[in-house]
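This report refers to the structure that appears directly beneath it.
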Amino acid sequence: AQDDTGEHQQAVLTFMEAAEHARRAADPRLEARAWMNLARTHGERLRDLERGRFYLDLADASVGVLGGDDSFAASLAFTRGRVMFVAGHDDEAHTALLRAIELREGLYGPEDYRVAEVQAQLAGALMRRNELPSARTYLLRALQTYERVFGPRHTRVATARGNLGIVLS
């Protein structure tokens, strides 16, 4: 059910089936994942913000059923931030991504790669808002983590370095 292959409609159908099976099985974790995948597919890949928001709301309801599961709340905040970023809603992206960072730092510690991926995404929103000093700070943190975790030749390191170059130029 990969939506990166360009077969977006097949991905949508597959995620819808997953959500339906999860609902029937009374598995809110699996259902939340399916709704988040649908939000990402619609909001990021298909550029359909209205549907992306719809599925974010469904994911939010599923995460609410889990009753304080911070890992799902963090994933939902990150997904919301990514969808809002792609839609150009940088203020909403900023708020959601800050929440994702807060939750992931609490879960995994501040130097975890899952925190760094949110920091890198937040830097993009900050760059578009022309908040370059803050973008630089988040990119440097992400870059340090990526280098430590993945090594200096990883694509995440290269992407963070490239974005840092844009901020510094």
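Heads up: numbering here begins at 1 and tracks the sequence. The figures that follow rest on heavy atoms only: side chains count, while hydrogens, waters and symmetry mates do not.
- Side chains of Val12 and Leu46 form a contact here, defined as non-hydrogen atoms less than 4.5 Å apart.
- Side-chain contact check for Val65 versus Glu31: every heavy-atom pair is 4.5 Å or farther apart.
- Leu76 and Leu97 fall into different hydrophobic clusters, where Ile, Leu, Val, Met, Phe, Trp and Tyr residues are linked whenever their side-chain heavy atoms come under 4.5 Å apart, directly or through other members.
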*asked:* Please evaluate residues Gln119 and Glu105 with respect to the criterion side-chain contact (heavy atoms from CB on, under 4.5 Å), reporting the C-alpha separation (whole Å), side-chain torsions for both, the decisive distance (0.1 Å), and the verdict.
replied: CA-CA 11 Å; Gln119 291 169 332; Glu105 283 181 342; 4.2 Å; yes
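- Note that CZ of Arg47 and NE2 of His42 are 14.0 Å apart. Values are rounded to the nearest 0.5 Å.
- Note that CD of Glu44 and NE2 of His8 are 11.0 Å apart. Values are rounded to the nearest 0.5 Å.
- Arg104 contributes no side-chain N or O that, together with a main-chain N or O of Asp112, makes up a donor-acceptor pair within less than 3.5 Å.
- The two residues Val115 and Pro110 come nearest to each other via the heavy atoms CG1-O, 3.9 Å.
- No side-chain heavy atom of Met36 sits under 4.5 Å from any side-chain heavy atom of Phe15.
- Note: Tyr113 and Phe150 have perpendicular aromatic rings, judged against thresholds of 30 and 60 degrees for the angle between ring planes.
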Would Thr95 and Met84 count as a side-chain contact (heavy atoms from CB on, under 4.5 Å) here? Give the steps. CA-CA 10 Å; Thr95 299; Met84 293 304 121; over 6 Å; no
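- Remark: His21 engages no residue in a ring-ring contact (aromatic ring centres under 6.0 Å, His included) (not counting sequence neighbours).
- Of all non-hydrogen atoms in Ala39 and Gly52, the two that sit nearest each other are CB-O, 3.6 Å.
- In this structure, CZ on Arg114 lies 14.5 Å from CD1 on Ile101, to the nearest 0.5 angstrom.
- A donor-acceptor distance shorter than 3.5 angstrom exists from the side chain of Ser169 to the backbone of Ile166, with no hydrogens or angles considered.
- The shortest non-hydrogen separation linking Ala74 to Leu107 is CB-CD1, 4.3 Å.
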**OP:** Kindly indicate, with the supporting measurements, whether the criterion side-chain contact (heavy atoms from CB on, under 4.5 Å) is fulfilled by Arg40 and Trp35.
**Re:** CA-CA 9 Å; Arg40 207 168 26 254; Trp35 297 139; over 6 Å; no
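- Cation-pi geometry between Arg82 and Phe78 is met: under 6.0 angstrom from the ring centre, within 45 degrees of the axis.
- In this structure, CZ on Phe72 lies 11.0 Å from OG1 on Thr79, to the nearest 0.5 angstrom.
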List the atom pairs, donor and acceptor, that lie under 3.5 Å between side-chain atoms in residues 140-147 and the rest of the protein, sequence neighbours left out.
unit_1: Thr145; atom_1: OG1; unit_2: Arg141; atom_2: O; d: 3.2
unit_1: Tyr146; atom_1: OH; unit_2: Glu117; atom_2: N; d: 3.3
unit_1: Glu147; atom_1: OE2; unit_2: Arg161; atom_2: NH2; d: 2.1

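- Criterion: ILVMFWY side-chain heavy atoms under 4.5 Å apart, direct or through other members. Under it, Val63 and Val83 are part of a common hydrophobic cluster.
- No path of Ile, Leu, Val, Met, Phe, Trp and Tyr side chains, each step under 4.5 Å between heavy atoms, connects Leu168 with Leu122, placing them in separate hydrophobic clusters.
- Judged by distance alone, the side chain of Asp60 and the main-chain N or O of Leu56 form no donor-acceptor pair under 3.5 Å.
- Between atom CZ of residue Arg53 and atom CD of residue Glu92 there is a gap of 4.0 Å, rounded to the nearest 0.5 Å.
- Closest approach of Val118 to Ala100, counting heavy atoms only: CG1-CB, 3.8 Å.
- Residues Asp90 and Arg129 are not paired through a salt bridge, judged by the lack of any N-O separation under 4.0 Å between the basic side chain and the carboxylate.
- In this structure, the separation between CZ on Arg45 and CD on Gln9 is 13.5 Å, given to the nearest 0.5 Å.
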How far apart are the C-alpha atoms of Val149 and Glu111, what are their side-chain angles, what is the distance that settles it, and do they pass the side-chain contact (heavy atoms from CB on, under 4.5 Å) test?
CA-CA 9 Å; Val149 172; Glu111 296 182 10; over 6 Å; no
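- Of all non-hydrogen atoms in Asp27 and Leu30, the two that sit nearest each other are OD1-N, 3.1 Å.
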